[in-house]
Number of protein chains: 2
Amino acid sequence: MRIVRNRNEEMNTKKKVKALQTYNETGLRKTKQRALIMEIIRRERHLDADEVCRRARAEQPRLSLSTVYRTLQTLKEKGLVEEVHFDEAHHHYETKPASEHHHLVCLGCGQVIEFCYSLVHFIKEDVAEARDFEITGSEVRMTGYCPTCRRSK
Amino acid sequence: MRIVRNRNEEMNTKKKVKALQTYNETGLRKTKQRALIMEIIRRERHLDADEVCRRARAEQPRLSLSTVYRTLQTLKEKGLVEEVHFDEAHHHYETKPASEHHHLVCLGCGQVIEFCYSLVHFIKEDVAEARDFEITGSEVRMTGYCPTCRRSK
DNA sequence: ATTTCTATTGCGAACTATTCGCATTTAGTA
DNA sequence: TACTAAATGCGAATAGTTCGCAATAGAAAT
Ligand SMILES: [Mn+2]
Ligand SMILES: [Mn+2]
Ligand SMILES: [Zn+2]
Ligand SMILES: [Zn+2]
């Protein structure tokens with residue numbers, strides 16, 4: 001019988017250096033599927049799983065929807081992808097942006113506008129302090145009607 | 001053949017007065033099911049459709065889940081109920097509160113804490129102005145870990 | 001109170017979103 | 001190159017939501 005070592009276990013310094021050259025920073029294997037999914041959501045924001053899959057299949061027709069779900073989940077855990085929640089009963093995804101931003105959604109045409117507000121960060125700090133919470137995420141979403149949709153009502 | 005008049009059409013003043021005594025303010029019929037659903041979500045906040053249904057069936061065993069969904073949808077449109085979006089891929093509901101509030105969710109134990117921030121209203125005004133949007137709703141959600149859950153990690 | 005009309009309900013089926021199990025493939029390592 | 005575990009594809013399972021339609025029941029008219 002053979003001793004199987006978990007790849008995530010501690011390694012000595014020498015091996016650690018070697019590992020960093022071979023694995024990417026996340027410790028995940030580099031696969032065509034993952035790369036493509038990542039590329040797609042880097043290119044286009046706020047897609048849902050099905051939209052990601054459809055776009056990916058243009059290039060990799062055999063890619064399975066399960067893989068898309070699994071990959072988005074994994075990348076989310078690694079902090080490379082964020083899940084956004086609109087009104088619908090399903091999720092949308094985007095690559096983790098450099099600066100925290102929030103969403104304004106038009107209920108007429110569906111367009112999503114991103115906006116930043118340092119006040120949000122302030123609120124976060126304040127709530128964390130007041131409630132003694134360790135806050136790991138925050139999401140601000142506003143819904144309404146854009147100028148165009150407002151006119152056509 | 002008989003002329004059928006839509007009940008929502010204009011009525012003369014006299015009839016209008018009568019109607020206000022008979023219909024409730026929303027123009028919806030008063031049914032046992034609706035009353036019960038309303039009572040349940042008035043009593044307990046942030047339930048999802050299935051939880052509402054289970055609680056309702058203690059009193060009305062034949063109540064159907066479809067009715068719960070339909071009713072919540074209707075009451076939402078009338079502005080009596082609000083839909084809240086947590087991390088999960090399904091909705092939760094609460095009676096429309098007097099003052100706008102937001103949510104802090106513990107990822108460990110699931111507890112939901114409500115908090116108010118007038119700053120949010122300010123942001124809303126500001127975004128509306130900056131983007132020329134008519135804003136109809138806003139939701140702020142923060143996630144993290146409560147003191148208790150933090151300790152047990 | 002009785003009649004009339006249609007909003008609302010219950011039920012099952014349909015549909016959509018997401019997860020799971022497992023055999024097969026493949027990336028990374030030795 | 002050979003080995004091993006990670007990742008994939010596929011189909012089935014589960015969960016959440018909507019739909020169609022016949023039956024029921026609230027409100028208005030009589
Ligand atoms: Mn975004
Ligand atoms: Mn609430
Ligand atoms: Zn619009
Ligand atoms: Zn907790």
Assess, by modelled atom type and distance only, whether the side chains of E139(A) and H102(A) contain a donor and an acceptor separated by less than 3.5 Å. no

Within residues 32-43 of chain A, which residues have any heavy atom lying less than 4.0 Å from an atom of DNA chain D? Q33(A), R34(A)

From CD of E88(B) over to C1' of dT17(D), roughly how many Å is that when rounded to an integer? 15 Å

Starting at NE2 of H91(A) and ending at C1' of dG16(D), how long is that distance when rounded to a whole Å? 12 Å

Specify the separation, in whole Å, of atom NE2 of H90(A) and atom P of dT18(D). 12 Å

Considering residues at least two apart in sequence or located in another chain, which fulfil the salt bridge (Lys or Arg N to Asp or Glu O under 4.0 Å) criterion with E83(A)? K76(A)

If the condition is ring-ring contact (aromatic ring centres under 6.0 Å, His included), which residues does H90(B) pass it with, not counting sequence neighbours? H92(B)

Mind checking what makes side chain to side chain contact (heavy atoms under 4.5 Å, CB included) contact with K96(B), not counting sequence neighbours? E82(B)

In whole Å, I'd like the distance from the NE2 atom of H92(B) to the C1' atom of dG16(D). 11 Å

Rounded distance (Å) that lies between atom P of dA17(C) and atom CD of Q73(A): 17 Å

So, are E114(A) and R45(A) salt-bridged, with charged N and O less than 4.0 Å apart? yes

Expected list for residues 53-64 of chain A: side-chain donor-acceptor pairs under 3.5 angstrom, two or more places apart:
unit_1 : atom_1 : unit_2 : atom_2 : d
R54(A) : NH1    : D50(A) : OD2    : 2.3
R55(A) : NE     : E44(A) : OE1    : 2.7
R55(A) : NH1    : E51(A) : O      : 3.3
R55(A) : NH2    : E44(A) : OE2    : 3.0
R57(A) : NE     : L63(A) : O      : 2.8
R57(A) : NH2    : L63(A) : O      : 2.9
Q60(A) : NE2    : K32(A) : O      : 3.3
S64(A) : OG     : S66(A) : N      : 3.1
S64(A) : OG     : T67(A) : N      : 3.2

Which nucleotide in dC11(C), dT17(D), dA27(C) has an atom nearest any side-chain atom of A89(A): dT17(D)

Expected output is a numbered-order residue list: members of residues 48-61 of chain A with a heavy atom under 4.0 Å from any atom of DNA chain C. What is it? none

Near-strand residues of residues 63-71 of chain A, defined as heavy-atom separation under 4.0 angstrom from DNA chain C: L65(A), S66(A), Y69(A), R70(A)

What residues form a salt bridge (Lys or Arg N to Asp or Glu O under 4.0 Å) with K78(B), not counting sequence neighbours? none

Which residues share a side-chain hydrogen bond (donor to acceptor under 3.5 Å, both in side chains) with R43(B), sequence neighbours left out: E39(B)

Roughly, in whole Å, what's the span from NZ in K30(A) to C1' in dG28(C)? 10 Å

Protein-nucleotide distance (D87(A), atom CG; dT18(D), atom P), rounded to Å: 12 Å

With C116(B) via side chain to side chain contact (heavy atoms under 4.5 Å, CB included) - residues at least two apart: S99(B), H101(B)

What is the separation between atom CG on L72(B) and atom P on dG16(D), rounded to the nearest whole Å? 14 Å

Can you pull out every salt bridge (charged side-chain N to carboxylate O under 4.0 Å, His left out) where at least one residue sits in residues 103-113 of chain B? Sequence neighbours excluded, please. none

With a 3.5 Å cut-off and just heavy-atom distances, do the side chain of R29(B) and the base of dA27(D) make a donor-acceptor pair? no

For a quick test of your reading: what N or O donor-acceptor pairs under 3.5 Å do the side chains of residues 122-131 of chain B make, sequence neighbours left out?
unit_1  : atom_1 : unit_2  : atom_2 : d
K124(B) : NZ     : E100(B) : OE1    : 2.9
D126(B) : OD2    : Y117(A) : OH     : 2.1

